[in-house]
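For reference, the structure is listed below as structure tokens.
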There are 2 protein chains.
Amino acid sequence: MSSQKPKVVISERTIGRLSLYRRLLNDLQAQGERNIYSHELAAMIGGTAAQIRRDLMAVGYSGSPTHGYDIRELVLSIGNFLDAPHMQGVALVGVGNLGRAIMAFFSGRRPRLAIAAAFDNDPYKINRVIHGCRCYGIEDLSRIVQEQGLEVGILCVPSQAAQDVAERLVRAGIRGILNFAPIPLRVPANVYVEDIDMTMSLEKVAYFGRQHANKEGLK
Amino acid sequence: MSSQKPKVVISERTIGRLSLYRRLLNDLQAQGERNIYSHELAAMIGGTAAQIRRDLMAVGYSGSPTHGYDIRELVLSIGNFLDAPHMQGVALVGVGNLGRAIMAFFSGRRPRLAIAAAFDNDPYKINRVIHGCRCYGIEDLSRIVQEQGLEVGILCVPSQAAQDVAERLVRAGIRGILNFAPIPLRVPANVYVEDIDMTMSLEKVAYFGRQHANKEGLK
DNA sequence: ATTATTGTGTGAAGAGATTCACAGTGTGAA
DNA sequence: TTCACACTGTGAATCTCTTCACACAATAAT
Ligand SMILES: NC(=O)c1ccc[n+]([C@@H]2O[C@H](COP(=O)([O-])OP(=O)(O)OC[C@H]3O[C@@H](n4cnc5c(N)ncnc54)[C@H](O)[C@@H]3O)[C@@H](O)[C@H]2O)c1
Ligand SMILES: NC(=O)c1ccc[n+]([C@@H]2O[C@H](COP(=O)([O-])OP(=O)(O)OC[C@H]3O[C@@H](n4cnc5c(N)ncnc54)[C@H](O)[C@@H]3O)[C@@H](O)[C@H]2O)c1
């Protein structure tokens, strides 16, 4: 009966960094580390200790002045805060070059947030099993999403098809979309969209690579 | 002899949006549009007109109160501002699932910023031509980067190899890296790094998808 | 027991990004 | 020619995010 929502709204930036912290902490834990200070974690990501402490306020886990944070407990606390209480299944649409690479990458990685079904409109791909995941025809999207209660979509179809597929995902009940198609999607405000725009990123790198070229020193 | 650098430093956010504006404007131009107002462009990307006008201050192209911006001229002005005066070649390292998808995607797309060479350490891949691009052994990286004057790197190798490859790229003279490996790279401050962290993005979508679920209305 | 040390949690200050709001301007209508 | 209009460019206000700086806490050394 307690509110599932956080009292204050947490920024996108903070959520992203928490995800990153958790991954780094998992690696440290695997290497046998037990404790960590905010300034050590900060050094790993090239940030400030204050920022890390500020971010961790959101998850409500407190460290100790003398031993910093207990890595195991912190990982659990971040998971508790970031992850859904239930499993969240993911639907991927567009089993092309990028879609298959993503399926390979996420296969077996995050059990709580796994790609549960893939969709395409190419008859050659439909009904194949790719990286452990069944590929369905796009006309089955709504049914499968509802049957399996999928909440997140990954959109890897060509630009021309992207808006149409986004609308199908929304109609099927998807609540968030990770969009790789290089066009802005129009969706209702209650659906969250994150764009990954590689062309934009590459142009940023080209631009700032030039700008940075005359700075000195080690980061 | 005039300064190649902008007088004031332009934010990463603005550079990213300029890249996006250019792509949308190119599409509009292809559809035969001639002019556009800031509020129209804003509507396309779900932003505000003021933001677009503010961003365009950086490129130094002025619109007209009566016809808005001339699309053709604006595209040229943005290009003039964003693009290097010379061609910038790109080196991609890690011709795996993701690397090949990216090579396919960028192949023939941006002539001024094209993937000029690929590198891997898998003998099976070396000397093959993939999507019109030759794959070299990693030991040839420095030589090829220097011979061809490549300035930008795309890093698609497994995490364990990422720091080593980043250092090779930096030593070879690369000035900016687009990093897909999910670990923070340590590079000198005069090298710009942009990370694309799909796991982080997917977790953000899962988190905010849940949060947004009870908002109403159209975006 | 006391003290010195080192780090946490957080209010407040600072920096940075976005939005507001309005003077200035080019155009078409009267 | 004058006016009304709709938009641009930009200083100032606002909002958001980051960093500072310090009270407080846990321990180790004495
Ligand atoms: N490959 C990359 O590295 C890369 C990089 C950046 C962006 N993108 C974007 O990601 C998207 C996919 O890229 P890709 O390289 O994988 O392309 P691709 O052509 O290899 O794959 C597209 C897939 O989508 C399927 N498809 C097309 N229309 C469909 C529809 N209406 N419903 C369902 N499936 C449909 C096709 O059958 C195909 O399997 C594109 O929008 C592209 O711009 C790709
Ligand atoms: N596939 C995805 O969609 C995806 C998504 C997010 C992140 N990533 C990241 O991108 C990177 C590559 O992913 P992938 O799926 O293409 O992996 P992959 O295993 O398919 O490809 C990796 C490639 O790198 C090459 N390689 C390994 N060590 C090397 C070295 N020292 N020098 C040169 N080449 C080397 C391998 O031969 C292989 O061709 C990984 O860091 C992965 O975490 C991939």
Side-chain angles (χ1 to χ4, degrees), chain A residues 6-21 25 28 33-71 73-74 77-78 81 184 200 204 207-208 211 219, chain B residues 6-21 25 28 33-75 77-78 81 184 200 204 207-208 211 219:
Chain A
K7 295 92 201 162
V8 294
V9 76
I10 308 298
S11 80
E12 291 195 27
R13 296 311 229 356
T14 293
I15 296 299
R17 282 190 300 260
L18 286 173
S19 163
L20 175 59
Y21 301 159
L25 292 167
L28 289 174
E33 298 289 328
R34 309 240 133 231
N35 298 96
I36 193 166
Y37 295 113
S38 59
H39 66 265
E40 296 177 304
L41 195 44
M44 293 180 70
I45 62 157
T48 70
Q51 173 134 81
I52 284 176
R53 296 202 300 273
R54 176 76 56 193
D55 288 338
L56 292 185
M57 285 176 70
V59 319
Y61 174 73
S62 276
S64 129
T66 37
H67 300 108
Y69 304 93
D70 179 293
I71 294 179
E73 296 205 26
L74 182 50
S77 295
I78 295 177
F81 173 80
M200 191 194 88
K204 275 175 69 176
Y207 178 88
F208 286 109
Q211 303 295 313
K219 185 169 79 174
Chain B
K7 295 92 201 163
V8 294
V9 77
I10 307 297
S11 80
E12 290 195 26
R13 296 308 223 11
T14 292
I15 297 299
R17 283 190 300 261
L18 286 173
S19 163
L20 175 59
Y21 300 160
L25 291 168
L28 289 174
E33 297 288 326
R34 308 240 134 231
N35 298 97
I36 194 167
Y37 294 114
S38 60
H39 67 264
E40 296 177 304
L41 195 44
M44 293 180 71
I45 63 157
T48 69
Q51 173 137 80
I52 285 177
R53 295 201 301 272
R54 177 77 56 193
D55 287 338
L56 292 185
M57 284 175 72
V59 319
Y61 174 73
S62 278
S64 127
T66 36
H67 302 105
Y69 303 93
D70 180 294
I71 294 180
R72 204 182 61 83
E73 295 204 29
L74 183 49
V75 167
S77 294
I78 295 177
F81 173 80
M200 191 194 88
K204 276 176 68 178
Y207 178 87
F208 286 109
Q211 303 296 313
K219 185 169 79 170

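Residue numbers start from 1 in every chain, and the chains themselves are labelled A, B, ... in the order their sequence lines are given, proteins ahead of strands. Everything quoted here is computed from the prediction, not taken from an experiment.
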Quiz item: What closest approach, in Å, do A/Ile45 and A/Leu20 show between heavy atoms, and which atom pair accounts for it?
Solution: CG2-CD2, 3.9 Å
Practice problem: Would you mind reading off the distance between B/Ile10 atom CD1 and C/dT18 atom P, rounded to a whole angstrom? | Solution: 12 Å
Self-check item: Ring centers of B/Tyr207, A/Phe81 separated by less than 6.0 Å
Solution: yes
Self-check item: Whole-Å gap separating C1' (C/dT6) and CD1 (A/Ile36)
Solution: 16 Å
Exercise. Searching all strands shown, indicate the nucleotide that pairs with C/dA29 (Watson-Crick or G-U wobble; both distances under 3.5 Å).
Key: D/dT2
Practice problem: Could you tell me the separation between the NZ atom of A/Lys204 and the CD atom of A/Gln211, rounded to the nearest 0.5 Å? | Solution: 13.5 Å
Practice problem: Scan A/Thr14 against the nucleic acid and name what it touches under 4.0 Å (heavy atoms): base, sugar-phosphate only, or nothing. | Solution: nothing
Quiz item: Quick one: is B/Tyr69 getting a side-chain N or O under 4.0 Å of the D/dG9 phosphate, OP1 or OP2?
Solution: yes
Practice problem: Specify the separation, in whole Å, of atom CG of A/Leu41 and atom P of C/dT8. | Solution: 10 Å
Quiz item: Among D/dC17, C/dA17, D/dC7, which nucleotide sits nearest the side chain of B/Tyr37?
Solution: D/dC7
Exercise. Please state how far atom CD1 in A/Ile52 lies from atom P in C/dG9, giving the value in whole angstrom units.
Key: 12 Å
Quiz item: Can you list the residues that meet the side-chain hydrogen bond (donor to acceptor under 3.5 Å, both in side chains) rule with A/Thr48, with sequence neighbours excluded?
Solution: none
Between the protein and nucleotides 19-21 of chain C, list the N/O to N/O atom pairs that are separated by less than 3.5 angstrom.
from	atom 1	to	atom 2	distance (Å)
C/dT19	OP2	B/Thr48	OG1	3.1
C/dT19	O4	B/Arg54	NE	3.3
C/dT19	O4	B/Arg54	NH2	3.0
C/dA21	N6	B/Arg53	NH2	3.2

Practice problem: Could you tell me the separation between the CG atom of A/Leu56 and the P atom of D/dT18, rounded to a whole number of Å? | Solution: 14 Å
Quiz item: In residues 57-66 of chain A, what residues come within less than 4.0 Å of DNA chain C, judged by heavy atoms?
Solution: A/Met57, A/Tyr61, A/Ser62, A/Gly63, A/Ser64, A/Pro65
Quiz prompt | Contact summary for A/Tyr21 and A/Leu56, nearest pair of heavy atoms | solution = CD1-CD2, 4.4 Å
